[in-house]
Structure formats: C-alpha cells, structure tokens
Amino acid sequence: MKPKILITRKLKSESIAPLYENFDVDMWNLEDEVMPRDQLLDRVKGVNAILCILTDNIDRELLDAAGDQLSVVGTVSVGFDHIDTAELEARNIKLESVVGILNESVADLTIALMINSSRRISESIDAARNGEWSTWSPYWLTGRDLSQSTVGIIGLGAIGEAVAKRLSGFGCNVIYNSRSPKPELEQSLGVSYRNLDDLLAESDFVTIHNALTPETEKMCNSEFFSKMKNTAIFINTGRGGLVDQEALYDALSSGQIYAAGIDVTTPEPLPTNHPLFSLKNCTILPHIGSASIRTRDEMVESVVRKLASHL
Ligand code: DGY
C-alpha cells in the first residue's frame, strides 16, 4: 500500500504531480475554498502526511483524528502559528515549512506598502478615479519620503534582512531591534541595533517582522504606538496577531501616527465594516505578501519535495 497524503487545498496539478507515482493523494478539490473542519477531521483519518496551509488549524483534535501513523505535516507557509508545534513534537511528527523562498517577495511588498503609505498612493488612485483631480496643485496629496528616512525594523530574520538590503538603495538610515544584537549583520547590512523604545522614538517608518508567539502577540499596542513619532508610518507584513487593532485604529484616527500599511489582520478576511477600513491613512491588503506566481509555485513545490523525501 502506498503512503497516504492529504492535501487540504486545491493546488496546481503540475506542482503536486511528483506525488502521484509513489503516494495515495487525496486533495480537496474546490478552488479557493477552505476544507470544512468536519471534512478535514474525516479525511485525515489514516493518512501518513498532511500538506496544509495557514488557514488549517493543526491541533490536538486533528492529530488525534489522524492517528498514530501520521509522521509529517508540511505547511505552505513560513509561519506556523496555525500549528500546535508542541503537540507535533510530543508525537514525534515532523514539521516541514517553507524556508528561504518568500523572503524577496514579502520584502518587495513591504517596500511597496512603505511607499504607498508615505506617498498616499491608494488615496491618490481613488482621488483620480473619483473626479477629485481638478488641477496640478502644489500641496494636494503631498506625503512623506522614504528616501533618506530612518526605518526601524523589528525582527531581523531573513525577511527583515531582505527589507534592509532594499532600503540601502533608498539612502535610509536603518536601525533594528531583535532579541539580541546581530553584529555580523550590522556590518554587511549597514544597520545598527536599538532597544525597542529608542527604535520607536527615532523611526520614520516602523516595520515588524517577528513571528507570532505568545510573547509577541499584540506587542504593537497603545503603549507601542504612543512611543512612535506623529509623522511615523507603521507597516506589518507579518501576522495580524502582532497588533492590537483597536490601539492601531486609535493611533491612526487621533493622529498619534501618520499612516499604516498592513497586509495581515485579525481576523482574515477583515470584515469590510471594520473601523480600520474607514481610515484614509490605513491601507489594508488581503495577505498577499508572498503572492507572486513564482514564489507561490515554489512554496508548494518545496513542501511537496520535503514531504516526498520524508515519506
Ligand atoms: C507565510 O508563509 O507564513 C506567509 O504569511 C504566507 O504568505
């Protein structure tokens, strides 16, 4: 009997083709729809591997339903806050995720959000489309420059590093905060370490790239925003859970900070009547950080390879 793999999302058949010869593959077949939990709990029974994505909650209940033969879980994401990793470890189930593939795409989008929020691009597109463009006007839709600004990167992992590299081309002064200073990167990237308070006080842009853990959950709260400059811009392409969204709303609507660009929210999708959508100085994207065709294909293909080689 071939080992069984459950794939919880409809993925491109060419990307998963390498699995068909040696494995018994069960793939959810509705495009862009999450496999309902009851189906997941049913179809996971007896599988040797699960290929999931970040909308699947891989918890104790699911692992119990799968059974003892489950030996590997692969997620098409770099983050794994949707997976109970302690439970996986306790059961000796290997976790495979995406490493080193999406850094450049997410860094590109982080820069895009910085420029969008500082130069008010979303607002400008709406203004042109809505007939508000009457003439060239010296002060209309003026914003702030990314060039020559001070950018604070919180979390200098692979994505933070890729952001820092890009910022050197903009002549930015890049400062960073992480659990501990990283002297080896300071030289090569031209960045310098700050404690969190100093980083927030000095930065014209603050971009957060920490993983979501119990320690980092809602770390961007009212105290955090109160330490930022009134002219500063907040960017989040990591996880919505890092941010206290009510505090972000208050900071943006009161003028405590200038603007925000966020690719991730809690929940996802963010309901369209959420107060953050009512703010002109808040740009919200639907979690597209890694959504380039090449990156998404490589993400799937790398997890497929890892599962096959594990099994
Ligand atoms: C990840 O991989 O964790 C991203 O958020 C998906 O783009």
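What's counted below: heavy atoms across the whole structure, side chains too, no hydrogens, waters or symmetry copies. All ligand and atom numbering here is 1-based and tracks the order in the structure.
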K.L.:
For ligand 1, which atoms, with element, lie under 4.0 Å from some heavy atom of Arg239?
P.N.:
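The atoms of ligand 1 under 4.0 Å from a heavy atom of Arg239 are 1 (C), 3 (O), 4 (C), 5 (O).
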K.L.:
Show me the donor-acceptor pairs within less than 3.5 Å that the side chains of residues 261-271 make with the rest of the protein, sequence neighbours left out.
P.N.:
from, atom 1, to, atom 2, distance (Å)
Asp263, OD1, His287, N, 3.0
Asp263, OD1, Ile288, N, 2.7
Asp263, OD2, Ile288, N, 3.1
Asp263, OD2, Gly289, N, 2.8
Thr265, OG1, Pro267, O, 2.8
Thr266, OG1, Gly241, N, 3.4
Glu268, OE1, His287, ND1, 2.8
Glu268, OE2, Thr265, N, 3.0
Glu268, OE2, His287, ND1, 3.3

K.L.:
Quick one: does ligand 1 sit under 4.0 Å from the side chain of Val98, the backbone, both or neither, non-hydrogen atoms only?
P.N.:
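Val98 to ligand 1: no contact under 4.0 Å from either part.
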K.L.:
Side chains of Asn173 and Thr150 only: does a donor on one sit below 3.5 Å from an acceptor on the other?
P.N.:
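On atom types as modelled, these side chains qualify, holding a pair under 3.5 Å.
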K.L.:
List the closest protein heavy-atom neighbour of atom 2 (O) of ligand 1: residue, atom name, distance to the nearest 0.1 Å.
P.N.:
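Checking every protein heavy atom, the shortest distance to atom 2 (O) of ligand 1 gives Val78 N, 2.6 Å.
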K.L.:
Verify, without hydrogens or angle tests, whether Asp145 (side chain) and Ser147 (backbone) share a donor-acceptor contact under 3.5 angstrom.
P.N.:
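The answer is no, because no donor-acceptor pair under 3.5 Å joins these two groups.
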K.L.:
For ligand 1, which atoms have a heavy atom of His287 less than 4.0 angstrom away?
P.N.:
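Per the distance check, 4 (C), 5 (O), 6 (C), 7 (O).
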K.L.:
Report the residue from His209, Glu161, Arg194, Glu186 that forms a side-chain hydrogen bond (donor to acceptor under 3.5 Å, both in side chains) with Tyr176.
P.N.:
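Output: one option passes, namely Glu186.
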K.L.:
Answer yes or no: does an N/O atom from Ser77 fall short of 3.5 Å to an N/O atom of ligand 1?
P.N.:
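By distance alone, the answer is no.
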K.L.:
Give the residue, atom name and distance (to 0.1 Å) of the protein heavy atom nearest atom 7 (O) of ligand 1.
P.N.:
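The protein heavy atom lying closest is Ser290 OG, 2.6 Å.
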K.L.:
Mind checking what makes ring pair (Phe, Tyr, Trp, His ring centres under 6.0 Å) contact with Tyr258, not counting sequence neighbours?
P.N.:
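For Tyr258, no residue satisfies ring pair (Phe, Tyr, Trp, His ring centres under 6.0 Å) once neighbours in sequence are set aside.
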K.L.:
How about Phe224 and Leu242: do any of their side-chain heavy atoms sit closer than 4.5 Å?
P.N.:
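Phe224 does not reach Leu242 side chain to side chain.
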K.L.:
Counting only nitrogen or oxygen atoms and a 3.5 angstrom limit, does Gly79 reach ligand 1?
P.N.:
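Between Gly79 and ligand 1 (N or O atoms, distance only) the closest approach is under 3.5 Å.
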K.L.:
Please could you name the atoms of ligand 1 that Leu102 approaches to less than 4.0 Å, counting only its heavy atoms?
P.N.:
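Checking each atom against Leu102, I get 2 (O).
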K.L.:
Looking only at heavy atoms, is any part of Leu54 under 4.0 Å from ligand 1, and if so is it the side chain, the backbone, or both, or is it neither?
P.N.:
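Side chain only; the backbone of Leu54 stays clear of ligand 1.
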K.L.:
I want to check something: taking the side chain as every heavy atom from C-beta on, are Leu41 and Leu62 in contact at a cut-off of under 4.5 Å?
P.N.:
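Yes; the side chains approach each other to less than 4.5 Å.
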